[in-house]
*Asks:* 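Mind having a look at this structure? Questions to follow.
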Amino acid sequence: MFGILGGTFDPIHCGHLVLAEKAREAFQLEKVIVVPAAIPPHKIGEVATEACHRLKMVELAIRGNPWFEVSTVELDREGPSYSIDTIYELRKTFGSSETALIMGFDSLLELYSWKNYRSILAETKIITAFRPGYPILSDDQNWPSFLEDYRSQILKLEAPLLDISSTWLRVELMLGRSVKYLVPDLVIDYINSNGLYRDL
Ligand code: ATP
C-alpha cells in the first residue's frame, strides 16, 4: 500500500513531514507520494504562492528520504483537481491498487464536501492523525454521521501532535520571526533567497 499526502504546502512544514513519516512507519507504506494541489489562477498571489515555489519547497523538504516522492499530477492537470482522479492516476503510475490518503483530522471532517467522497471512501483507506484544536475520534463516539458506514476504511494514526500550520507560519515569516525547527532548513533558505512570505 502506498500513501498519498495532498495539500497546498504553502509552505510545507514539520507537521506535514511528521504526519507522512509516522503514517509510513505505522502502516508499513511502500512509499508516500506528496501531491501539491493546483490553486485556481485568480487566487495565486492573493491567497497562495505560485506552484513552482510550493513544488520546490516540497522537493527540498523530502530530499534524502528514500520513502518520499513528490508528484506533479495535480499541477500538470488542466482545470480543477479532484482527489478521486489523482488516486486513479497515481495507481497507474505506481502500479499498485492499494492506496491510503493521509490527512489531518481537520481535512477528514471536511471530506463530505469533496467531489465523489463516497467513492473515495469506498476506494481507498484514509490514514488520519489528530491535530491540536480538533476533536478526537474515539471508537464509539464523535464519528461524523457521513463516516459511519466507512469506519473500517479509516486508520487512526498515533503521532505526536505538532501545533503548526502553514497559515501561522506565513504570519510568523511576514513578521520576520524565526521558523527554524518548524520548517526544514533547506526550505527556510529557499524562502529567504526567493523573498517569499514577506507580505501577507
Ligand atoms: P493552511 O494553514 O494553509 O490551511 P496546513 O498547515 O493545514 O495549511 P495543508 O497543506 O492544507 O497545510 O495540509 C495538508 C494536509 O496536512 C492536511 O490533510 C492537513 O490536515 C495536514 N496537516 C497540516 N498540518 C498538520 C499538523 N500540524 N499535524 C497534522 N496534520 C497536519
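Numbering of ligands and ligand atoms starts at 1, following listing order. Computed from heavy atoms alone, side chains included, the values below leave out hydrogens, waters and symmetry copies. One is the number of the first residue; the rest follow in order along the sequence.
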*Asks:* Does K115 make a cation-pi contact with Y82 (under 6.0 Å, within 45 degrees of the axis)?
*Replies:*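 Positive - K115 is close enough to the ring of Y82 and near enough to its axis.
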*Asks:* Considering the heavy atoms of D106, write down every atom of ligand 1 situated less than 4.0 Å from one of them.
*Replies:*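 Near D106, the atoms of ligand 1 are 19 (C), 20 (O).
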*Asks:* Roughly how far, to the nearest 0.5 Å, is CG of D106 from CD of E110?
*Replies:*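 So the CD of E110 and the CG of D106 are separated by 6.5 Å.
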*Asks:* I'd like to check which ligand 1 atoms, numbered from 1 as shown, lie under 4.0 Å from a non-hydrogen atom of M103.
*Replies:*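 Going through ligand 1 atom by atom, the ones under 4.0 Å from M103 are 18 (O).
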*Asks:* Under a 4.0 Å heavy-atom limit, does T8 contact ligand 1 with its side chain, its backbone, both, or neither?
*Replies:*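 The answer is both, backbone and side chain.
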*Asks:* With only distance considered, is G7 within less than 3.5 Å of ligand 1 through an N or O on each side?
*Replies:*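 Min N/O separation from ligand 1 is not below 3.5 Å for G7.
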*Asks:* Check ligand 1 against S107 and write out every atom of the ligand that is under 4.0 Å from a heavy-atom position of the residue.
*Replies:*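 Reading through ligand 1 atom by atom, the close ones are 17 (C), 18 (O), 19 (C), 20 (O).
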*Asks:* Distance under 4.0 Å to a non-hydrogen atom of S165: what atoms of ligand 1 satisfy this?
*Replies:*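 Counting atoms of ligand 1 from 1, those under 4.0 Å from S165 are 2 (O), 6 (O).
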*Asks:* Under 4.0 Å from any heavy atom of T167, which atoms of ligand 1 are there?
*Replies:*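 Counting from 1, the qualifying ligand atoms are 1 (P), 2 (O), 3 (O), 4 (O).
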*Asks:* Ignoring angles and geometry beyond distance, decide whether F9 reaches within less than 3.5 Å of ligand 1 through its nitrogen or oxygen atoms.
*Replies:*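 F9 vs ligand 1: N/O contact under 3.5 Å present.
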*Asks:* Within the 4.0 Å heavy-atom shell around S166, which atoms of ligand 1 are there?
*Replies:*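 Listed by number with element, the hits are 1 (P), 2 (O), 3 (O), 5 (P), 6 (O), 8 (O), 12 (O).
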*Asks:* Where the side chain of R54 meets the backbone of F9, is there a donor-acceptor pair that is under 3.5 Å apart?
*Replies:*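 Absent.
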*Asks:* Less than 4.5 Å apart, side chain to side chain, heavy atoms only: is that true for L17 and F68?
*Replies:*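 They are in side-chain contact.
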*Asks:* Identify the residue among L19, T128, I102 that makes a side chain to side chain contact (heavy atoms under 4.5 Å, CB included) with L157.
*Replies:*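 The single option meeting the side chain to side chain contact (heavy atoms under 4.5 Å, CB included) with L157 is L19.
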*Asks:* Taking all non-hydrogen atoms of both residues into account, name the closest pair between S81 and E74 and its distance.
*Replies:*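 Closest heavy-atom pair between S81 and E74: OG-CB, 3.3 Å.
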*Asks:* Quick one: does G6 get a heavy atom under 4.0 Å from ligand 1?
*Replies:*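 The answer is yes: ligand 1 sits under 4.0 Å from a heavy atom of G6.
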*Asks:* Side chain, backbone, both or neither: which part of L19 has a heavy atom under 4.0 Å from ligand 1?
*Replies:*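 Answer for L19: side chain.
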*Asks:* What's the verdict on salt bridge (Lys or Arg N to Asp or Glu O under 4.0 Å) for E50 and K56, showing C-alpha distance, side-chain angles and the deciding distance?
*Replies:* CA-CA 10 Å; E50 275 174 77; K56 191 69 200 171; over 6 Å; no
*Asks:* Would a line drawn from the ring center of F2 to the ring center of F94 be shorter than 6.0 Å?
*Replies:*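 Yes.
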*Asks:* Please report whether ligand 1 has a polar contact with D163, defined as an N or O pair separated by less than 3.5 Å (distance criterion only).
*Replies:*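 No, no N or O pair falls under 3.5 Å.
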*Asks:* When you compare the side chain of K125 with that of L101, does any pair of heavy atoms fall below 4.5 Å?
*Replies:*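 Contact flag for L101/K125 side chains = no.
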*Asks:* Going by the closest heavy atom to atom 3 (O) of ligand 1, which one wins out of R170, H16, H13?
*Replies:*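 Of the listed residues, R170 has the closest heavy atom.
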